[in-house]
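See structure below.
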Amino acid sequence: MNKLLGVCLMCLIGVSCVVDAIGQSGLDLKNENDRYYVYASFNGHDDTRMMVETDWPGLVVNTEQFNRMLWDVDFKTVSYDSIRYRHYYPQKVVRGRVPIGDYIYEGNVIVSDSSETIKLPVLGLRSGTNSLPCPIRINLKDQKIELIDRKDLNADKYRRFRLINPGAPLVFEDTLEICDTHGHEGTIKGIFRFSFGCGNPVCLCLQDKKAARFMKKNRFKRSKAIERYTLKKVKAIHAGTCRLGDRALRGVTITLYNGREHLGISAYVGPTMFKNSEFIIDIENEELLYEHKY
């Protein structure tokens with residue numbers, strides 16, 4: 001009898017998780033100068049603006065936001081590696097669960113006064129009471145982020161990048177082909193890092209020796225461009241076509257970076273590589289799925 005009750009209880013838990021997932025409408029995305037934001041309830045505070053990120057090792061808030069919006073959350077203080085968090089200048093790092101829209105963010109919260117905007121790492125989103133990571137569908141056509149039930153995921157209709165180190169950062173190895181507007185073209189097999197913070201489809205990292213050779217060998221023309229988010233002048237390649245794996249775009253700007261933090265990465269890949277389509281981050285199966293279309 002006890003075994004039967006146990007089975008029934010597990011079934012009810014499973015049903016409740018499915019109902020939670022079906023009842024959730026996701027988070028609405030908004031593109032502001034090539035950076036993506038969500039406006040959603042943040043621990044009960046409606047219409048809170050949050051920048052979507054994939055690289056950050058935790059949810060980032062400043063001291064004022066933490067004291068005003070998260071004072072009632074049961075956090076645990078955690079020790080942190082000063083090297084891993086060196087870019088964030090944290091006052092403290094805590095760990096807990098924060099309601100965001102229909103979902104829960106679960107993980108570290110970095111309290112840092114170097115940031116005015118709340119930064120939301122989507123890999124920390126969870127569905128209801130389920131602490132396990134779900135596949136994350138990012139639909140740039142309908143401007144939506146959704147956690148989806150694995151049984152509803154038809155992976156066969158997508159192409160895929162196999163993740164080298166699942167989790168943050170999202171790094172994979174594949175082939176990039178570029179043909180600039182001056183007729184120069186070339187192909188590079190390298191290590192690429194998907195980042196929501198990358199405002200262009202591709203940002204080539206010239207500090208990487210392989211990327212530097214690729215640039216020099218194919219004599220791509222360096223042109224000037226304006227980065228919409230920072231309004232800074234940058235060097236760029238104006239590409240007639242750009243293909244990464246099986247995903248191709250026409251008429252794109254590929255920015256050129258020289259920062260030392262890009263060592264080992266041939267290029268960053270931004271969400272606009274998948275504009276007007278959807279892609280899925282599936283950490284459990286160690287892959288990034290994407291639609292194949294121009």
Side-chain angles (χ1 to χ4, degrees), residues 34 54-55 123 135-138 140 154-223 225 234-283 285-294:
D34 294 330
T54 45
D55 293 334
L123 300 184
I136 305 168
R137 178 165 58 206
I138 293 128
L140 296 183
N154 181 13
D156 292 338
K157 78 172 189 174
Y158 301 95
R159 306 297 172 90
R160 65 200 66 213
F161 297 124
R162 179 64 61 180
L163 298 177
I164 296 174
N165 184 22
L170 300 173
V171 176
F172 56 92
E173 184 176 13
D174 217 290
T175 301
L176 172 70
E177 299 176 27
I178 297 174
C179 179
D180 71 14
T181 52
H182 297 271
H184 305 124
E185 56 184 304
T187 301
I188 176 175
K189 184 175 183 180
I191 303 297
F192 303 96
R193 179 170 170 174
F194 174 81
S195 173
F196 246 105
C198 178
N200 291 79
V202 174
C203 301
L204 202 61
C205 302
L206 299 184
Q207 196 72 14
D208 177 64
K209 292 181 180 179
K210 185 179 289 188
R213 286 195 301 268
F214 170 67
M215 183 77 186
K216 183 177 181 180
K217 175 184 175 181
N218 297 290
R219 298 184 296 171
F220 293 116
K221 178 154 179 79
R222 298 179 186 228
S223 303
V234 295
K235 295 292 185 181
I237 300 171
H238 294 302
T241 58
C242 171
R243 178 185 295 273
L244 180 64
D246 290 322
R247 175 75 182 177
L249 295 178
R250 293 190 177 98
V252 300
T253 299
I254 298 172
T255 48
L256 306 174
Y257 286 151
N258 282 291
R260 294 180 62 185
E261 67 271 21
H262 309 302
L263 288 174
I265 303 295
S266 297
Y268 277 77
V269 178
T272 51
M273 188 70 203
F274 309 101
K275 66 179 182 180
N276 298 322
S277 66
E278 66 181 36
F279 61 97
I280 294 172
I281 303 171
D282 187 351
I283 296 300
N285 284 338
E286 304 179 3
E287 54 192 12
L288 192 155
L289 307 172
Y290 61 99
E291 290 185 312
H292 170 237
K293 61 173 70 172
Y294 281 87

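Residue numbers count from 1 along this sequence.
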Search all heavy atoms of [X] against all heavy atoms of [Y] and return the closest pair with its distance.
{"X": "Asp174", "Y": "Gly245", "answer": "OD1-CA, 3.3 Å"}
{"X": "Thr272", "Y": "Pro201", "answer": "OG1-N, 3.1 Å"}
{"X": "Thr253", "Y": "Asn200", "answer": "O-ND2, 3.1 Å"}
{"X": "Met273", "Y": "Cys242", "answer": "CE-O, 4.1 Å"}
{"X": "Ala212", "Y": "Leu206", "answer": "CB-O, 3.5 Å"}
{"X": "Leu204", "Y": "Met215", "answer": "CD2-SD, 4.3 Å"}

Measuring from atom [atom1] of [X] to atom [atom2] of [Y], what distance do you get when rounded to the nearest 0.5 angstrom?
{"X": "Leu249", "Y": "Asn276", "atom1": "CG", "atom2": "CG", "result": "9.0 Å"}
{"X": "Cys198", "Y": "Asp34", "atom1": "SG", "atom2": "CG", "result": "9.5 Å"}
{"X": "Arg160", "Y": "Leu288", "atom1": "CZ", "atom2": "CG", "result": "11.0 Å"}
{"X": "Lys275", "Y": "Arg247", "atom1": "NZ", "atom2": "CZ", "result": "9.0 Å"}
{"X": "Arg193", "Y": "Ile164", "atom1": "CZ", "atom2": "CD1", "result": "12.0 Å"}
{"X": "Asp180", "Y": "Glu185", "atom1": "CG", "atom2": "CD", "result": "9.0 Å"}

By ring-ring contact (aromatic ring centres under 6.0 Å, His included) - contacts of Phe220 (at least two apart): Phe214
Is there side-chain contact between [X] and [Y], with at least one heavy-atom pair below 4.5 Å?
{"X": "Val202", "Y": "Val252", "answer": "no"}
{"X": "Phe192", "Y": "Glu173", "answer": "no"}
{"X": "Thr187", "Y": "Asn218", "answer": "no"}
{"X": "Ser266", "Y": "Ile188", "answer": "yes"}
{"X": "Ile265", "Y": "Asp208", "answer": "no"}

Do side-chain atoms of [X] reach the backbone of [Y] as a donor and acceptor pair under 3.5 angstrom?
{"X": "Lys221", "Y": "Gly183", "value": "no"}
{"X": "Glu287", "Y": "Asp282", "value": "no"}
{"X": "His184", "Y": "Arg219", "value": "yes"}
{"X": "Thr54", "Y": "Phe196", "value": "yes"}

Among Phe161, Phe194, Tyr268, Tyr290, the one residue meeting ring-ring contact (aromatic ring centres under 6.0 Å, His included) with Phe172: Phe161
Distance-only donor-acceptor check, side chains Ser195 and Asp55, under 3.5 Å: yes
Ile283 and Ile136: CA distance, side-chain angles, deciding distance, side-chain contact (heavy atoms from CB on, under 4.5 Å) verdict: CA-CA 9 Å; Ile283 296 300; Ile136 305 168; 5.9 Å; no
